[in-house]
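A short write-up of the structure that comes next.
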Amino acid sequence: MAAPIILEVNDVSSDHRPAVMPGSGRPASPYWNPYLAGLGLGLVLLAAFVLVGRGLGASGAFSSTVAWLVHLVAPAHAQSNEYLQGYLGDGTTHPLKAWLVFEVLGVMAGALFSGLLAGRARIMVEKGPRVSTAVRLLCAFAGGILMAFGAHLARGCTSGQALTGGALLNLGSWAFMLMVFVGGYSVAWFMSWQWR
Amino acid sequence: MAPFYKYGFFGDEMSLVLAFVLGTGFGFFLERAGFGSARKLAAQFYLYDMSVFKVMFTAIVTAMLGVTYLGWLGWLDLSLVYLVPTHLVPQIVGGLVLGVGFVVGGYCPGTSVASLATGRVDGFVYAFGIGAGTLVYAEVFPWIKGFVNSSEMGQVTLPEVFDLPWGLLVFAVVVIAVAGFSAATLIERRSGEKS
């Protein structure tokens with residue numbers, strides 16, 4: 001009975017809407033200006049091109065980790081799987097000794113450093129006011145599964161394809177990036193209960 | 001002459017050290033932008049905070065101008081920078097599926113790592129979902145392999161496909177980005193007033 005009333009209060013009161021401002025998570029200190037953060041990100045990406053001759057990524061690190069875990073549990077099965085085999089290599093090097101695995105470990109360290117510095121690092125669940133924690137976590141899990149399929153079908157994710165390939169004017173990356181926005185906006189209306 | 005790794009200035013071990021260092025910068029700026037928060041990321045799709053577009057396109061323009069100028073100066077051999085080969089149809093389908101996963105789950109792989117590192121439980125569960133999805137993907141791979149490898153076009157760039165000068169496309173992307181930034185700010189203001 002009380003729920004609709006709370007919803008109405010939420011809709012009317014505009015103090016629920018500092019979301020217009022950057023940082024809907026009521027952070028300890030405000031997020032950076034997006035152009036400044038974007039410039040920093042772009043310079044890191046450029047440094048990767050210049051130093052190593054490749055861009056940034058993320059989804060490949062998940063593939064390496066999964067290949068390693070499957071290999072631990074069922075070595076024969078991992079070896080016989082064509083997809084995992086690609087991440088295991090010829091067995092002379094450890095599957096986790098991969099460029100993207102080290103890069104993603106760096107992402108963890110860098111994000112934690114920034115989060116601690118800004119007082120934003122804390123155990124919490126990111127969700128809108130109308131959704132329960134259990135449902136939010138279920139959605140997060142489902143979204144992760146979809147993400148895995150999307151990223152592997154596309155040979156890269158938002159980092160490896162959109163950012164990296166975008167800057168290199170890669171044909172497939174631009175087609176991919178466009179479709180990410182199409183896919184996202186086409187389901188946004190149906191998922192708004194989770195976020196707003 | 002760059003890329004330094006490809007020209008043998010350092011070996012594999014050093015490239016892994018650099019991977020970690022570059023990743024640190026990547027994670028730092030992702031978190032600075034607010035991309036460790038699913039709500040901040042999802043806001044892109046509800047139009048009241050278009051930071052995802054702004055950060056992404058600022059980064060793309062920055063790196064694109066960087067490689068372009070370094071290439072013109074003769075300091076960077078762009079042909080040695082790795083390009084993911086284009087398979088147009090699976091990449092279009094993959095983009096759609098990934099976009100849906102983004103709105104359902106609130107993250108992409110890179111941002112989920114930034115979020116779990118700063119204590120976001122949903123980011124951790126999301127990353128776990130990526131792992132589970134990867135496991136399923138590996139199992140069904142033999143059946144979808146034909147599709148994944150279809151419409152192969154090789155390592156190909158937009159200037160090559162449309163037979164236009166590199167510089168012209170760089171200019172076009174900059175114009176689109178700047179126009180997009182103004183439009184995004186306008187849309188943010190409107191949807192901020194409305195709701």
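So that the names make sense, note that chain A is the first sequence line, chain B the second, and so on, each numbered from 1.
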Between A:Arg155 and B:Val148, is there a donor-acceptor pair closer than 3.5 Å when you use the side chain of the first and the backbone of the second?
-> yes
Correct closest heavy-atom pair for B:Pro109 and A:Thr158 would be CD-OG1, 4.4 Å
For chain A, find which of B:Val89, B:Leu76, B:Val84 contributes the most heavy-atom pairs closer than 4.5 angstrom.
-> B:Val84
Is the backbone N or O of B:Ser15 less than 3.5 Å from a side-chain atom of A:Trp99, with the two atoms forming a donor-acceptor pair by type?
-> yes
Considering non-hydrogen atoms only, spot the tightest contact between B:Thr86 and A:Gly172 and give its length.
-> OG1-N, 3.0 Å
Region of A:Trp174 that comes under 4.5 Å of a non-hydrogen atom in chain B | side chain
Where is the tightest heavy-atom contact between B:Ser37 and A:Glu126, given as atom of each residue plus distance?
-> OG-OE1, 2.9 Å
Non-hydrogen atoms of chain A under 4.5 Å away: do they reach the side chain of B:Phe57, the backbone, both or neither?
-> side chain
Checking A:Val104 against chain B: side chain, backbone, both or neither under 4.5 Å from a heavy atom?
-> both
Any donor-acceptor pair under 3.5 Å linking the side chain of B:Arg120 with the backbone of A:Arg122?
-> yes
Against chain A, label B:Phe45 side chain, backbone, both or neither, depending on which of its atoms sit under 4.5 Å from a heavy atom there.
-> both
Compare every heavy atom of B:Arg39 with every heavy atom of A:Lys127, then report the nearest pair and how far apart it is.
-> O-CD, 3.1 Å
Considering all heavy atoms, the nearest A:Arg136-B:Gly106 contact = NH2-CA, 4.4 Å
Name the region of B:Leu70, side chain, backbone, both or neither, that has any atom closer than 4.5 Å to a heavy atom of chain A.
-> side chain
What part of B:Leu80 is in contact with chain A, defined as an atom under 4.5 angstrom from a non-hydrogen atom: side chain, backbone, both or neither?
-> backbone
